[in-house]
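This report refers to the structure that appears directly beneath it.
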Number of protein chains: 2
Amino acid sequence: MPTGHEHTVKAFDADIGQLRGLISQMGGLAEQAIADAMTALTRGDETLARQVRDKDKAIDAIEAEVERLAVRVIALRAPMADDLREVVAALKIAAVIERIGDYAKNIAKRVPMIHTGADRIEALSILPAMAVLASDMVRDVLDAFARRDAAAAIDVCQRDRAVDDFYNSIFRVLLTFMAENPKTISEVAHLMFVAKNLERIGDHATNVAEMVYFAATGRYLADRENDIMGDGPQGETRL
Amino acid sequence: MPTGHEHTVKAFDADIGQLRGLISQMGGLAEQAIADAMTALTRGDETLARQVRDKDKAIDAIEAEVERLAVRVIALRAPMADDLREVVAALKIAAVIERIGDYAKNIAKRVPMIHTGADRIEALSILPAMAVLASDMVRDVLDAFARRDAAAAIDVCQRDRAVDDFYNSIFRVLLTFMAENPKTISEVAHLMFVAKNLERIGDHATNVAEMVYFAATGRYLADRENDIMGDGPQGETRL
(Lines give C-alpha, C1' and ligand atoms only; values in the text may rest on other atoms or scores of the structure.)
Protein backbone atom coordinates (compact mmCIF):
# COMPACT_ATOMS: atom_id res chain seq x y z
CA MET A 1 0.00 0.00 0.00
CA PRO A 2 1.33 3.47 -0.79
CA THR A 3 1.74 5.87 2.11
CA GLY A 4 -0.30 9.08 2.15
CA HIS A 5 2.69 10.99 0.82
CA GLU A 6 3.29 8.51 -1.98
CA HIS A 7 -0.35 8.76 -2.86
CA THR A 8 -0.13 12.56 -3.15
CA VAL A 9 3.04 12.31 -5.22
CA LYS A 10 1.39 9.82 -7.59
CA ALA A 11 -1.70 11.99 -7.92
CA PHE A 12 0.53 14.99 -8.66
CA ASP A 13 2.49 13.04 -11.27
CA ALA A 14 -0.76 12.06 -12.92
CA ASP A 15 -1.87 15.70 -12.98
CA ILE A 16 1.42 16.87 -14.46
CA GLY A 17 1.21 14.08 -17.01
CA GLN A 18 -2.24 15.29 -17.98
CA LEU A 19 -1.02 18.90 -18.27
CA ARG A 20 1.87 17.80 -20.48
CA GLY A 21 -0.51 15.81 -22.64
CA LEU A 22 -2.83 18.77 -23.12
CA ILE A 23 0.06 21.05 -24.03
CA SER A 24 1.45 18.58 -26.50
CA GLN A 25 -2.01 18.33 -28.05
CA MET A 26 -2.30 22.14 -28.28
CA GLY A 27 1.15 22.34 -29.82
CA GLY A 28 0.25 19.79 -32.49
CA LEU A 29 -2.87 21.78 -33.39
CA ALA A 30 -0.90 25.04 -33.53
CA GLU A 31 1.76 23.55 -35.82
CA GLN A 32 -0.95 22.19 -38.10
CA ALA A 33 -2.67 25.61 -38.11
CA ILE A 34 0.55 27.32 -39.23
CA ALA A 35 1.15 24.77 -41.98
CA ASP A 36 -2.45 24.92 -43.21
CA ALA A 37 -2.55 28.72 -43.11
CA MET A 38 0.56 28.88 -45.28
CA THR A 39 -0.79 26.29 -47.70
CA ALA A 40 -4.04 28.26 -47.92
CA LEU A 41 -2.05 31.44 -48.54
CA THR A 42 0.22 30.11 -51.26
CA ARG A 43 -2.62 28.27 -53.02
CA GLY A 44 -5.21 31.01 -52.45
CA ASP A 45 -7.37 28.27 -50.90
CA GLU A 46 -10.13 30.11 -49.03
CA THR A 47 -11.85 26.91 -47.90
CA LEU A 48 -8.73 25.72 -46.13
CA ALA A 49 -8.28 29.21 -44.68
CA ARG A 50 -11.83 29.04 -43.30
CA GLN A 51 -11.02 25.67 -41.69
CA VAL A 52 -7.95 27.11 -39.96
CA ARG A 53 -10.12 29.86 -38.50
CA ASP A 54 -12.75 27.39 -37.32
CA LYS A 55 -10.28 24.97 -35.78
CA ASP A 56 -8.74 27.69 -33.62
CA LYS A 57 -11.62 27.20 -31.17
CA ALA A 58 -10.22 23.77 -30.32
CA ILE A 59 -6.91 25.33 -29.26
CA ASP A 60 -8.74 27.89 -27.12
CA ALA A 61 -10.77 25.13 -25.47
CA ILE A 62 -7.65 23.17 -24.51
CA GLU A 63 -6.08 26.31 -23.06
CA ALA A 64 -9.13 26.77 -20.83
CA GLU A 65 -8.76 23.13 -19.75
CA VAL A 66 -5.07 23.62 -18.89
CA GLU A 67 -5.99 26.66 -16.84
CA ARG A 68 -8.68 24.85 -14.88
CA LEU A 69 -6.45 21.85 -14.24
CA ALA A 70 -3.39 23.92 -13.25
CA VAL A 71 -5.38 26.05 -10.81
CA ARG A 72 -6.92 22.91 -9.31
CA VAL A 73 -3.51 21.27 -8.94
CA ILE A 74 -2.07 24.35 -7.21
CA ALA A 75 -5.07 24.63 -4.88
CA LEU A 76 -5.43 20.91 -4.03
CA ARG A 77 -1.85 19.70 -3.98
CA ALA A 78 -0.04 22.90 -3.00
CA PRO A 79 3.08 21.80 -4.94
CA MET A 80 6.42 23.26 -3.91
CA ALA A 81 9.58 24.40 -5.74
CA ASP A 82 10.24 22.34 -8.90
CA ASP A 83 6.69 21.01 -9.04
CA LEU A 84 5.12 24.43 -8.66
CA ARG A 85 7.44 25.86 -11.33
CA GLU A 86 6.31 23.10 -13.65
CA VAL A 87 2.61 23.77 -13.15
CA VAL A 88 3.02 27.53 -13.57
CA ALA A 89 5.10 26.91 -16.71
CA ALA A 90 2.30 24.74 -18.11
CA LEU A 91 -0.19 27.52 -17.46
CA LYS A 92 1.95 30.13 -19.17
CA ILE A 93 3.01 27.93 -22.07
CA ALA A 94 -0.63 27.13 -22.82
CA ALA A 95 -1.37 30.87 -23.00
CA VAL A 96 1.48 31.35 -25.46
CA ILE A 97 0.39 28.45 -27.69
CA GLU A 98 -3.08 29.94 -27.75
CA ARG A 99 -1.53 33.15 -29.10
CA ILE A 100 0.48 31.22 -31.68
CA GLY A 101 -2.80 29.69 -32.82
CA ASP A 102 -4.20 33.21 -33.12
CA TYR A 103 -1.31 34.26 -35.36
CA ALA A 104 -2.00 31.29 -37.65
CA LYS A 105 -5.69 32.23 -37.67
CA ASN A 106 -4.76 35.79 -38.53
CA ILE A 107 -2.70 34.61 -41.49
CA ALA A 108 -5.66 32.53 -42.63
CA LYS A 109 -7.94 35.56 -42.38
CA ARG A 110 -5.75 37.47 -44.79
CA VAL A 111 -5.94 34.78 -47.51
CA PRO A 112 -9.03 36.28 -49.21
CA MET A 113 -7.23 39.64 -49.46
CA ILE A 114 -4.17 38.21 -51.22
CA HIS A 115 -4.95 37.16 -54.76
CA THR A 116 -1.42 36.73 -55.90
CA GLY A 117 -0.55 34.18 -58.51
CA ALA A 118 1.66 31.34 -57.34
CA ASP A 119 4.86 33.37 -57.31
CA ARG A 120 3.95 36.74 -58.70
CA ILE A 121 5.40 38.30 -55.56
CA GLU A 122 8.83 37.00 -54.66
CA ALA A 123 8.05 37.11 -50.94
CA LEU A 124 5.31 34.53 -51.42
CA SER A 125 7.99 31.97 -52.23
CA ILE A 126 10.10 32.94 -49.19
CA LEU A 127 7.30 33.09 -46.61
CA PRO A 128 6.68 29.31 -46.48
CA ALA A 129 10.35 28.69 -45.64
CA MET A 130 10.11 31.26 -42.86
CA ALA A 131 6.92 29.56 -41.63
CA VAL A 132 8.71 26.20 -41.48
CA LEU A 133 11.52 27.69 -39.37
CA ALA A 134 9.03 29.25 -36.96
CA SER A 135 6.85 26.16 -36.79
CA ASP A 136 9.88 23.93 -36.14
CA MET A 137 10.81 26.18 -33.22
CA VAL A 138 7.32 25.64 -31.77
CA ARG A 139 7.60 21.86 -32.18
CA ASP A 140 11.09 21.64 -30.74
CA VAL A 141 10.39 23.87 -27.75
CA LEU A 142 7.39 21.74 -26.80
CA ASP A 143 9.53 18.63 -27.12
CA ALA A 144 12.03 20.36 -24.82
CA PHE A 145 9.23 21.02 -22.32
CA ALA A 146 8.12 17.39 -22.43
CA ARG A 147 11.70 16.21 -21.77
CA ARG A 148 12.64 19.07 -19.36
CA ASP A 149 15.55 19.62 -21.71
CA ALA A 150 17.26 22.94 -20.91
CA ALA A 151 19.87 22.55 -23.66
CA ALA A 152 17.19 22.08 -26.32
CA ALA A 153 15.46 25.20 -25.00
CA ILE A 154 18.65 27.23 -25.50
CA ASP A 155 18.95 25.87 -29.02
CA VAL A 156 15.44 27.12 -29.85
CA CYS A 157 16.29 30.61 -28.54
CA GLN A 158 19.30 30.77 -30.80
CA ARG A 159 17.27 29.90 -33.87
CA ASP A 160 15.04 32.95 -33.44
CA ARG A 161 17.78 35.05 -35.03
CA ALA A 162 17.25 33.22 -38.34
CA VAL A 163 13.51 33.93 -38.25
CA ASP A 164 14.23 37.60 -37.57
CA ASP A 165 16.66 37.70 -40.48
CA PHE A 166 14.01 36.21 -42.75
CA TYR A 167 11.54 38.80 -41.53
CA ASN A 168 13.85 41.73 -42.15
CA SER A 169 14.72 40.45 -45.57
CA ILE A 170 11.08 39.89 -46.52
CA PHE A 171 10.13 43.31 -45.16
CA ARG A 172 12.68 44.92 -47.48
CA VAL A 173 11.60 42.84 -50.46
CA LEU A 174 7.98 43.80 -49.90
CA LEU A 175 8.75 47.52 -49.58
CA THR A 176 10.68 47.44 -52.83
CA PHE A 177 7.87 45.53 -54.49
CA MET A 178 5.35 48.11 -53.29
CA ALA A 179 7.42 50.96 -54.63
CA GLU A 180 7.72 49.29 -58.03
CA ASN A 181 4.13 48.07 -58.20
CA PRO A 182 1.91 50.68 -56.55
CA LYS A 183 -1.23 48.81 -57.59
CA THR A 184 -0.28 45.86 -55.39
CA ILE A 185 0.25 47.97 -52.26
CA SER A 186 -2.87 46.72 -50.50
CA GLU A 187 -2.09 43.04 -51.06
CA VAL A 188 1.54 43.51 -50.17
CA ALA A 189 0.63 45.29 -46.93
CA HIS A 190 -1.29 42.13 -45.99
CA LEU A 191 1.77 40.03 -46.79
CA MET A 192 3.79 42.33 -44.53
CA PHE A 193 1.44 41.50 -41.67
CA VAL A 194 1.71 37.79 -42.51
CA ALA A 195 5.51 38.06 -42.25
CA LYS A 196 5.11 39.93 -38.96
CA ASN A 197 2.82 37.19 -37.64
CA LEU A 198 5.43 34.55 -38.46
CA GLU A 199 8.14 36.64 -36.81
CA ARG A 200 5.96 36.86 -33.70
CA ILE A 201 5.50 33.08 -33.71
CA GLY A 202 9.28 32.77 -33.54
CA ASP A 203 9.37 35.29 -30.68
CA HIS A 204 6.76 33.32 -28.80
CA ALA A 205 8.55 30.02 -29.27
CA THR A 206 11.60 31.77 -27.81
CA ASN A 207 9.46 33.00 -24.96
CA VAL A 208 8.35 29.42 -24.27
CA ALA A 209 11.97 28.28 -24.47
CA GLU A 210 12.80 30.68 -21.65
CA MET A 211 9.94 29.27 -19.57
CA VAL A 212 11.10 25.70 -20.27
CA TYR A 213 14.63 26.63 -19.25
CA PHE A 214 13.35 28.18 -16.03
CA ALA A 215 11.03 25.26 -15.26
CA ALA A 216 13.87 22.79 -15.84
CA THR A 217 16.64 24.63 -14.02
CA GLY A 218 15.05 27.20 -11.69
CA ARG A 219 17.33 29.79 -13.29
CA TYR A 220 16.54 32.51 -15.82
CA LEU A 221 18.23 32.45 -19.19
CA ALA A 222 20.54 35.48 -19.11
CA ASP A 223 18.78 38.47 -20.63
CA ARG A 224 19.60 38.00 -24.21
CA GLU A 225 20.92 40.82 -26.33
CA ASN A 226 17.86 40.71 -28.50
CA ASP A 227 14.80 41.68 -26.47
CA ILE A 228 12.34 39.04 -27.55
CA MET A 229 9.26 41.11 -26.89
CA GLY A 230 10.77 43.96 -28.83
CA ASP A 231 8.89 42.90 -31.92
CA GLY A 232 12.12 43.53 -33.79
CA PRO A 233 11.66 46.70 -35.78
CA GLN A 234 15.38 47.35 -35.39
CA GLY A 235 16.20 45.24 -38.41
CA GLU A 236 13.73 47.22 -40.42
CA THR A 237 15.90 50.32 -39.95
CA ARG A 238 18.39 48.84 -42.34
CA LEU A 239 16.09 49.84 -45.16
CA MET B 1 -10.20 37.78 18.71
CA PRO B 2 -11.04 36.69 15.18
CA THR B 3 -11.80 33.00 14.65
CA GLY B 4 -9.51 30.96 12.43
CA HIS B 5 -11.93 31.34 9.56
CA GLU B 6 -12.20 35.10 9.97
CA HIS B 7 -8.46 35.28 10.11
CA THR B 8 -8.16 33.43 6.79
CA VAL B 9 -10.82 35.64 5.22
CA LYS B 10 -8.99 38.78 6.34
CA ALA B 11 -5.67 37.48 5.09
CA PHE B 12 -7.29 36.65 1.75
CA ASP B 13 -8.85 40.13 1.52
CA ALA B 14 -5.46 41.65 2.18
CA ASP B 15 -3.92 39.50 -0.59
CA ILE B 16 -6.66 40.46 -3.05
CA GLY B 17 -6.21 44.09 -2.09
CA GLN B 18 -2.52 43.79 -2.81
CA LEU B 19 -3.19 42.13 -6.18
CA ARG B 20 -5.63 44.90 -7.11
CA GLY B 21 -3.09 47.52 -6.09
CA LEU B 22 -0.37 45.97 -8.25
CA ILE B 23 -2.69 45.77 -11.24
CA SER B 24 -3.79 49.35 -10.84
CA GLN B 25 -0.12 50.35 -10.68
CA MET B 26 0.69 48.36 -13.87
CA GLY B 27 -2.30 49.92 -15.61
CA GLY B 28 -1.14 53.42 -14.74
CA LEU B 29 2.32 52.68 -16.15
CA ALA B 30 0.85 51.19 -19.32
CA GLU B 31 -1.40 54.22 -19.91
CA GLN B 32 1.57 56.52 -19.40
CA ALA B 33 3.64 54.42 -21.81
CA ILE B 34 1.00 54.73 -24.53
CA ALA B 35 0.72 58.50 -24.03
CA ASP B 36 4.50 58.99 -24.01
CA ALA B 37 5.04 56.77 -27.03
CA MET B 38 2.53 58.80 -29.02
CA THR B 39 4.07 62.10 -27.88
CA ALA B 40 7.49 60.79 -28.86
CA LEU B 41 6.11 59.72 -32.24
CA THR B 42 4.37 62.97 -33.12
CA ARG B 43 7.29 65.11 -31.90
CA GLY B 44 9.99 62.79 -33.25
CA ASP B 45 11.40 62.81 -29.70
CA GLU B 46 13.87 59.91 -29.59
CA THR B 47 14.88 60.60 -25.99
CA LEU B 48 11.33 60.18 -24.77
CA ALA B 49 10.99 57.08 -26.97
CA ARG B 50 14.08 55.65 -25.29
CA GLN B 51 12.53 56.32 -21.86
CA VAL B 52 9.36 54.45 -22.83
CA ARG B 53 11.47 51.44 -23.80
CA ASP B 54 13.44 51.57 -20.55
CA LYS B 55 10.39 51.96 -18.33
CA ASP B 56 8.77 48.84 -19.77
CA LYS B 57 10.95 46.77 -17.42
CA ALA B 58 8.99 48.18 -14.46
CA ILE B 59 5.74 46.82 -15.94
CA ASP B 60 7.34 43.41 -16.49
CA ALA B 61 8.60 43.36 -12.89
CA ILE B 62 5.13 44.04 -11.48
CA GLU B 63 3.68 41.29 -13.65
CA ALA B 64 6.18 38.85 -12.15
CA GLU B 65 5.14 40.04 -8.68
CA VAL B 66 1.44 39.51 -9.46
CA GLU B 67 2.24 36.01 -10.66
CA ARG B 68 4.18 35.10 -7.52
CA LEU B 69 1.52 36.53 -5.24
CA ALA B 70 -1.40 34.93 -7.11
CA VAL B 71 0.24 31.50 -7.08
CA ARG B 72 1.00 31.84 -3.38
CA VAL B 73 -2.59 32.85 -2.62
CA ILE B 74 -3.98 29.89 -4.55
CA ALA B 75 -1.59 27.48 -2.86
CA LEU B 76 -1.87 28.82 0.71
CA ARG B 77 -5.50 29.90 0.92
CA ALA B 78 -7.08 27.53 -1.60
CA PRO B 79 -9.80 30.11 -2.42
CA MET B 80 -13.09 28.83 -3.82
CA ALA B 81 -15.60 30.06 -6.42
CA ASP B 82 -15.77 33.89 -6.56
CA ASP B 83 -12.45 34.34 -4.77
CA LEU B 84 -10.61 31.92 -7.01
CA ARG B 85 -12.09 33.56 -10.10
CA GLU B 86 -10.80 36.88 -8.82
CA VAL B 87 -7.25 35.64 -8.28
CA VAL B 88 -7.11 33.92 -11.66
CA ALA B 89 -8.50 37.10 -13.27
CA ALA B 90 -5.74 39.14 -11.62
CA LEU B 91 -3.13 36.72 -13.00
CA LYS B 92 -4.52 36.92 -16.52
CA ILE B 93 -5.15 40.66 -16.49
CA ALA B 94 -1.55 41.28 -15.42
CA ALA B 95 -0.35 39.24 -18.41
CA VAL B 96 -2.51 41.32 -20.75
CA ILE B 97 -1.31 44.64 -19.31
CA GLU B 98 2.25 43.45 -19.78
CA ARG B 99 1.43 42.93 -23.47
CA ILE B 100 -0.17 46.37 -23.70
CA GLY B 101 3.09 47.77 -22.33
CA ASP B 102 4.94 45.86 -25.05
CA TYR B 103 2.77 47.45 -27.73
CA ALA B 104 3.58 50.91 -26.37
CA LYS B 105 7.27 49.96 -26.32
CA ASN B 106 7.01 48.76 -29.89
CA ILE B 107 5.53 52.10 -30.96
CA ALA B 108 8.41 53.85 -29.19
CA LYS B 109 10.92 51.65 -31.03
CA ARG B 110 9.58 52.83 -34.35
CA VAL B 111 10.04 56.53 -33.55
CA PRO B 112 13.59 56.73 -34.99
CA MET B 113 12.32 55.25 -38.27
CA ILE B 114 9.59 57.84 -38.72
CA HIS B 115 10.99 61.24 -39.56
CA THR B 116 7.80 62.85 -40.59
CA GLY B 117 7.23 66.53 -40.08
CA ALA B 118 4.48 67.43 -37.63
CA ASP B 119 1.62 66.65 -40.00
CA ARG B 120 3.20 65.81 -43.30
CA ILE B 121 1.32 62.52 -43.26
CA GLU B 122 -2.37 62.91 -42.51
CA ALA B 123 -2.43 59.72 -40.45
CA LEU B 124 0.01 61.22 -37.98
CA SER B 125 -2.69 63.65 -36.92
CA ILE B 126 -5.31 60.88 -36.59
CA LEU B 127 -3.17 58.36 -34.70
CA PRO B 128 -3.05 60.28 -31.39
CA ALA B 129 -6.86 60.41 -31.27
CA MET B 130 -6.94 56.65 -31.85
CA ALA B 131 -4.35 56.21 -29.08
CA VAL B 132 -6.52 58.20 -26.65
CA LEU B 133 -9.54 55.97 -27.39
CA ALA B 134 -7.48 52.82 -26.84
CA SER B 135 -5.78 54.16 -23.72
CA ASP B 136 -9.13 55.25 -22.22
CA MET B 137 -10.40 51.71 -22.74
CA VAL B 138 -7.43 50.42 -20.73
CA ARG B 139 -8.05 52.91 -17.92
CA ASP B 140 -11.79 52.27 -17.76
CA VAL B 141 -11.52 48.49 -17.84
CA LEU B 142 -9.08 48.54 -14.92
CA ASP B 143 -11.47 50.82 -13.02
CA ALA B 144 -14.18 48.26 -13.79
CA PHE B 145 -11.96 45.50 -12.38
CA ALA B 146 -11.31 47.52 -9.21
CA ARG B 147 -15.06 48.06 -8.72
CA ARG B 148 -16.16 44.58 -9.96
CA ASP B 149 -18.39 46.56 -12.33
CA ALA B 150 -19.81 44.25 -15.00
CA ALA B 151 -21.77 47.04 -16.73
CA ALA B 152 -18.63 49.14 -17.16
CA ALA B 153 -16.88 46.10 -18.62
CA ILE B 154 -19.62 45.74 -21.26
CA ASP B 155 -19.26 49.43 -22.08
CA VAL B 156 -15.53 48.98 -22.76
CA CYS B 157 -16.23 46.06 -25.09
CA GLN B 158 -18.62 48.18 -27.10
CA ARG B 159 -16.05 50.92 -27.57
CA ASP B 160 -13.65 48.58 -29.34
CA ARG B 161 -15.69 49.03 -32.50
CA ALA B 162 -14.64 52.71 -32.65
CA VAL B 163 -10.96 51.78 -32.36
CA ASP B 164 -11.36 49.24 -35.16
CA ASP B 165 -13.06 51.87 -37.32
CA PHE B 166 -10.14 54.23 -36.71
CA TYR B 167 -7.72 51.49 -37.63
CA ASN B 168 -9.46 50.61 -40.86
CA SER B 169 -9.69 54.24 -41.83
CA ILE B 170 -6.01 54.89 -41.05
CA PHE B 171 -4.99 51.74 -42.92
CA ARG B 172 -6.74 53.02 -46.05
CA VAL B 173 -5.28 56.51 -45.68
CA LEU B 174 -1.79 55.05 -45.36
CA LEU B 175 -2.16 52.80 -48.39
CA THR B 176 -3.30 55.75 -50.47
CA PHE B 177 -0.43 57.81 -49.17
CA MET B 178 2.06 55.08 -50.07
CA ALA B 179 0.68 54.80 -53.59
CA GLU B 180 0.97 58.56 -54.09
CA ASN B 181 4.35 58.97 -52.37
CA PRO B 182 6.42 55.89 -53.13
CA LYS B 183 9.47 57.41 -51.43
CA THR B 184 7.69 57.37 -48.07
CA ILE B 185 6.73 53.69 -48.27
CA SER B 186 9.19 52.60 -45.60
CA GLU B 187 8.12 55.22 -43.06
CA VAL B 188 4.47 54.67 -43.80
CA ALA B 189 4.85 50.92 -43.32
CA HIS B 190 6.10 51.69 -39.81
CA LEU B 191 3.07 53.90 -39.21
CA MET B 192 0.89 51.00 -40.34
CA PHE B 193 2.42 48.85 -37.61
CA VAL B 194 1.89 51.66 -35.11
CA ALA B 195 -1.80 51.76 -36.04
CA LYS B 196 -1.94 47.97 -35.74
CA ASN B 197 -0.35 48.15 -32.27
CA LEU B 198 -3.02 50.63 -31.14
CA GLU B 199 -5.74 48.44 -32.59
CA ARG B 200 -4.33 45.49 -30.62
CA ILE B 201 -4.32 47.57 -27.43
CA GLY B 202 -8.07 48.07 -27.95
CA ASP B 203 -8.49 44.32 -28.51
CA HIS B 204 -6.62 43.56 -25.32
CA ALA B 205 -8.64 46.04 -23.28
CA THR B 206 -11.71 44.22 -24.61
CA ASN B 207 -10.14 40.94 -23.62
CA VAL B 208 -9.65 42.26 -20.09
CA ALA B 209 -13.25 43.51 -20.07
CA GLU B 210 -14.39 39.95 -20.72
CA MET B 211 -12.26 38.70 -17.83
CA VAL B 212 -13.64 41.41 -15.54
CA TYR B 213 -17.18 40.49 -16.55
CA PHE B 214 -16.47 36.84 -15.83
CA ALA B 215 -14.77 37.57 -12.51
CA ALA B 216 -17.68 39.77 -11.43
CA THR B 217 -20.54 37.57 -12.59
CA GLY B 218 -19.24 34.03 -13.10
CA ARG B 219 -20.76 34.17 -16.59
CA TYR B 220 -19.09 34.61 -19.98
CA LEU B 221 -19.97 37.61 -22.09
CA ALA B 222 -21.86 36.12 -25.03
CA ASP B 223 -19.49 35.41 -27.91
CA ARG B 224 -19.52 38.71 -29.62
CA GLU B 225 -20.00 39.04 -33.33
CA ASN B 226 -16.55 40.51 -33.66
CA ASP B 227 -13.92 37.95 -32.69
CA ILE B 228 -11.58 40.03 -30.57
CA MET B 229 -8.51 37.93 -31.17
CA GLY B 230 -9.14 38.06 -34.89
CA ASP B 231 -6.78 40.99 -35.22
CA GLY B 232 -9.43 42.52 -37.45
CA PRO B 233 -8.17 42.30 -41.02
CA GLN B 234 -11.77 42.07 -42.19
CA GLY B 235 -12.14 45.84 -42.20
CA GLU B 236 -9.08 46.08 -44.35
CA THR B 237 -10.89 44.21 -47.12
CA ARG B 238 -12.95 47.29 -47.70
CA LEU B 239 -9.98 48.78 -49.47
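Chain letters run A, B, ... following the sequence lines, proteins first and then strands; every chain starts at 1. Fair warning: this is a prediction, and the values are worked out from it, not measured in the lab.
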Between A:Tyr103 and A:His204, is a side chain to side chain contact (heavy atoms under 4.5 Å, CB included) present by the stated rule, with each step listed? CA-CA 10 Å; A:Tyr103 286 115; A:His204 281 84; 3.5 Å; yes

A:Lys92 versus chain B, the contacting section by heavy-atom distance below 4.5 Å: side chain

Which bit of A:Glu67 comes within less than 4.5 Å of chain B, counting heavy atoms only: side chain, backbone, both or neither? side chain

Which pair of non-hydrogen atoms, one from B:Ala49 and one from B:Ala40, has the smallest distance, and what is that distance? N-CB, 3.7 Å

Which region of A:Val71, side chain (C-beta onward) or backbone (N, CA, C, O), has a non-hydrogen atom less than 4.5 Å from a non-hydrogen atom of chain B, or is it both or neither? both

So for A:Leu76, is it side chain, backbone, both, or neither that comes closer than 4.5 Å to the heavy atoms of chain B? neither

At a 4.5 Å cut-off on heavy atoms, which part of A:Leu174 comes close to chain B: side chain, backbone, both, or neither? neither

Indicate whether any N or O donor in one side chain lies under 3.5 Å from an N or O acceptor in the other, for B:Arg172 and B:Asn168. no

Going by an N to O cut-off under 4.0 Å, is there a salt bridge joining A:Arg99 and A:Asp102? no

Proximity of A:Tyr213 and A:Tyr220 rings by center, below 6.0 Å: no

